[in-house]
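These values consider heavy atoms only, across backbone and side chains, with no hydrogens, waters or symmetry-generated copies. Lettering follows sequence order; numbering is per chain, from 1.
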Amino acid sequence: MNDPFELSDEPEEATPSAPPPTVYLDSLNNDQRQAVEAIEGPVLVLAGAGTGKTRVLTTRLSHILIQGHAYPGEILAVTFTNKAAKEMQERVAQMVDRNVDGWWLGTFHALCVRILRSHGNAIGIDTRFTILDTDDQIRLLKQILRERDIDTKAWPPRALLNIIQRWKDRGLVPDKVVGQDGEDFADGLAIKLYKEYQTRMASQNTLDFGDLILHCLTLFTGHPEILKVYQERFRYILVDEYQDTNVAQYLWLRLLAQKHRNICCVGDDDQSIYSWRGAEVGNILRFEEDFPGATVIRLERNYRSTGHILGAASGLIAHNEGRLGKTLWTKDPGGDKVVVQAAWDGQEEARLVGEEIEVLQTKEYSLGEVAILVRTGFQTREFEERLMTLGVPYRIIGGLRFYERKEIRDAVAYLRVIFQPGDSLAFERIVNLPKRGIGQATMQIIHQFARSADKPLIEAIEVLLETDELKPRAKKPLGALLEDFTRWRAMAEVENHADVLETVLDESGYLEMWRMDRTPEAPGKIENLKELITALTEFDSLEDFLEHVSLVMENERASEGEKVTMMTLHGAKGLEFDVVFLPGWEEKLFPHQLSLDEKGRDGLEEERRLAYVGITRARKKSYILHAANRRVYNEWRSNLPSRFVDELSEEHVLKRNKPGLYGNNQGGGQSASLRETGPSFSYGSYGRKEKTVTVNAEPSFSTSDEKYSAGQRVFHQKFGYGRVLNSDGGKLQIAFEKAGVKKVMENFVEEA
DNA sequence: CCGGTTACATTTTTT
DNA sequence: ATGTAACCGG
């Protein structure tokens, strides 16, 4: 096993008399430089959006090395994503001109894997463990629920998984859980189920992602001598995106930092947007209490956006109470104001964005620098349609990643069974893929036996094949499958793994299954499988590859050509574009209703941070849009503009609304501006060609000698053109020319 | 057991 | 609209 203490940390060549150069500091501003040079004691670097955070991190790490404060093996640098880890590795490697292989530079999870692979046996973990993905976790929980005759409809395994994950995020092993959180799940059984889940995983020699950190904590707290080794080793600790750490990760860091106390956390409380997966903003807010004597350094000079963009964003985020507070500034004061535009519905919104993109295209902007950032995934659809008709190339980021695709997981499941015969979850996944005539009934018998005999499925089958428990119809294919696996396993001993996979996919009939498939997706799946085989050649061992597969995400495949990028706001964190479109700024969508329901004020603040993240992605232009009506799946919703729109500092915003329903009416002309209010809004004569609608009418301009009189032609954004039938006391009766409005706008109350 | 049909849900997502 | 999971009849 790769012992972490045998790693390349030989000293730098003895430094001659001359002190090491510090040219790398010259290009930094004062704050950045301070953040790089303050290497003793706890340091919190509050790095606002676009303030050069990554640069500070990498320079700091390099600085410690170059100045000879520590050897590479004595620095721990932690990130959240593999992408961030990779970027840091590359940049540091370049700065110090060395190979960084074997350095302690990676994600929380990857580093924990490394620790557990070395010392896991101290707490009874077989160090050849494999890591479960979400699919497996759900499948396992479902089994557990079924066995206890718990209705998986009333108590979805997914919900249980969430509860368990939150516990793990907080560093709680089953015995430590005392909370009320899961109490309502299956009549308070959640804790027992959690225990059962852990037992099952242990018996299969698998861990889930949460376990990686959790077990590390158990290891450290239960074995001070091991902890001590790591504590002494890591003279300097660097943490990226500290605002995203959960409690378990915080505890992990605190334990490791105890000896040398040189821990530097970089983060931005205003960009904490992952509380729903366990991140605790509190960690960063409490830093000075947690690490007494801490130095706090603020990076507030923004190198990314124009003054107006920053100004609007600052106005917005200032509405949050739970923040440490910082004010971004820039030397690039002017620029374009943030455009706020109202649209009638999602389609119009998409149309407006499309038009704007075409305009931008004629200017110096390239499509690769344009992004559409949405709150929820479904919002991309209308934009897709629009851009497609316009012939504007686009790509959608997010969705399924390579290794999450069904065919890849299936193939990997085959490999897992070869590699770890005890991996029952993987076996179950592929036992009837392709169809082998092994169905529910058969699996039921096998499961039952396996459980009672406390054996993995495969072993259970081996036994059962000798008996008459199983029908011959099931016995035959099962026997054949086991033989196949024995053969493939033998092959894996000698052949290289890419060849093994190729053979497996071929002989199992899995590939053939897709070849026969006439659905349009099938060819793509075959392509993906081929790609997988190619990828496999690049790994030394199946083991390495399996780890890679469960740990590493396939990053956005090389983006051929200039394309408009579409993704969720969450996906956009850390990225930047010249132009950013932010559609769907409507109450209940953004801020999302569920977020408010679940977390109340905190939820609102997190949504606001999300809005802040969105605006600050833009270098030059930000557009915010909101639609009065939106189709959400099958339903129409009528919407008020998001409160966030009003929270942007006004002097940095340009409202470009058409005269009409919403916001400030600029321009105007002949058409009347109508404002609906809930209670007084009603339909008449339904289903006829003409609709009569009563609405509250207000003049567009407050100089209100403007009046509507009978017979006047008016325009209403929802119902189109109509003629005033009579007007009295601000209420208009209008006959609209077109029929076909689908839904009454209830709950539509404008604030005074 | 299989394949077709219906019912159902649908914020955000990394490791 | 869309995908998945449960369901049912052959």
Given A:Gln198 and A:Asp211, is the side chain to side chain donor-acceptor pair (under 3.5 Å) satisfied, shown in steps? CA-CA 9 Å; A:Gln198 294 299 88; A:Asp211 284 338; 3.1 Å; yes
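Across the protein-nucleic acid pair, A:Gln137 atom CD and B:dT13 atom P stand 18 Å apart, rounded to whole Å. One interatomic measurement links the two molecules: NZ of A:Lys588 to C1' of B:dT10, which rounds to 18 Å at whole-angstrom precision. Rounded to whole Å, atom P of C:dA5 lies 12 Å from atom CZ of A:Arg158. With rounding to whole Å, A:His592 atom NE2 is found 7 Å from B:dT12 atom P. One can place CZ of A:Phe590 at 13 Å from P of B:dT12, the figure rounded to the nearest angstrom. A:Ile213 places its CD1 atom 8 Å from the C1' atom of B:dT15, with the value rounded to the nearest Å. A:Asn162 places its CG atom 14 Å from the C1' atom of B:dT14, with the value rounded to the nearest Å. When the C1' atom of B:dT15 is taken as reference, atom CZ of A:Arg114 falls 17 Å away, rounded to whole Å.
A:Lys168 comes within 4.0 angstrom of nothing in the nucleic acid, heavy atoms only. Among the heavy atoms of the strands, none lies under 4.0 Å from A:Gly210.
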For nucleotides 1-8 of chain B, just jot down a letter per nucleotide in 5' to 3' order: B, S or -, based on protein non-hydrogen atoms under 4.0 Å. SSS-----
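Between A:Tyr194 and A:Trp167, the ring planes are parallel. Angles under 30° get that label, and only those over 60° would be called perpendicular.
When the side-chain contact (heavy atoms from CB on, under 4.5 Å) test is applied to A:Asp169, the partners found at least two apart in sequence or on another chain are A:Arg166, A:Asn246.
The six-membered or imidazole ring of A:Tyr250 lies away from that of A:Trp252, with a centre-to-centre distance of 6.0 Å or more.
Each of C:dA6, B:dT13, B:dT11 was ranked by its minimum atom distance to the side chain of A:His570; first place goes to B:dT13. Of the candidates B:dT11, B:dT15, C:dA6, C:dA6 carries the atom nearest the A:Lys142 side chain, counting heavy atoms from C-beta on. For A:Ser595, taking side-chain heavy atoms from C-beta onward, the closest of the listed nucleotides B:dT11, B:dT13, C:dA1 is B:dT11.
Salt-bridge formation is not detected for the pair A:Glu384/A:Arg381: no Lys NZ or Arg NE/NH1/NH2 atom is positioned less than 4.0 Å from an Asp or Glu carboxylate oxygen.
The nearest heavy atom of DNA chain B to A:Leu594 and to A:Phe108 marks one nucleotide each, and the one closer to the 5' end goes with A:Leu594.
With hydrogens and angles left out, the side-chain atoms of A:Tyr612 and A:Asn320 include no donor and acceptor closer than 3.5 Å. Looking only at atom types and distance, the side chain of A:Asp423 has no donor-acceptor partner in the side chain of A:Gln420 under 3.5 Å away.
B:dT12 has no stacking from A:Tyr274 on its base ring, since the centres under 5.5 angstrom apart and planes within 30 degrees of parallel are not both found.
Within the 4.0 Å cut-off from OP1 or OP2 of B:dT13, at least one side-chain nitrogen or oxygen of A:Thr568 is found.
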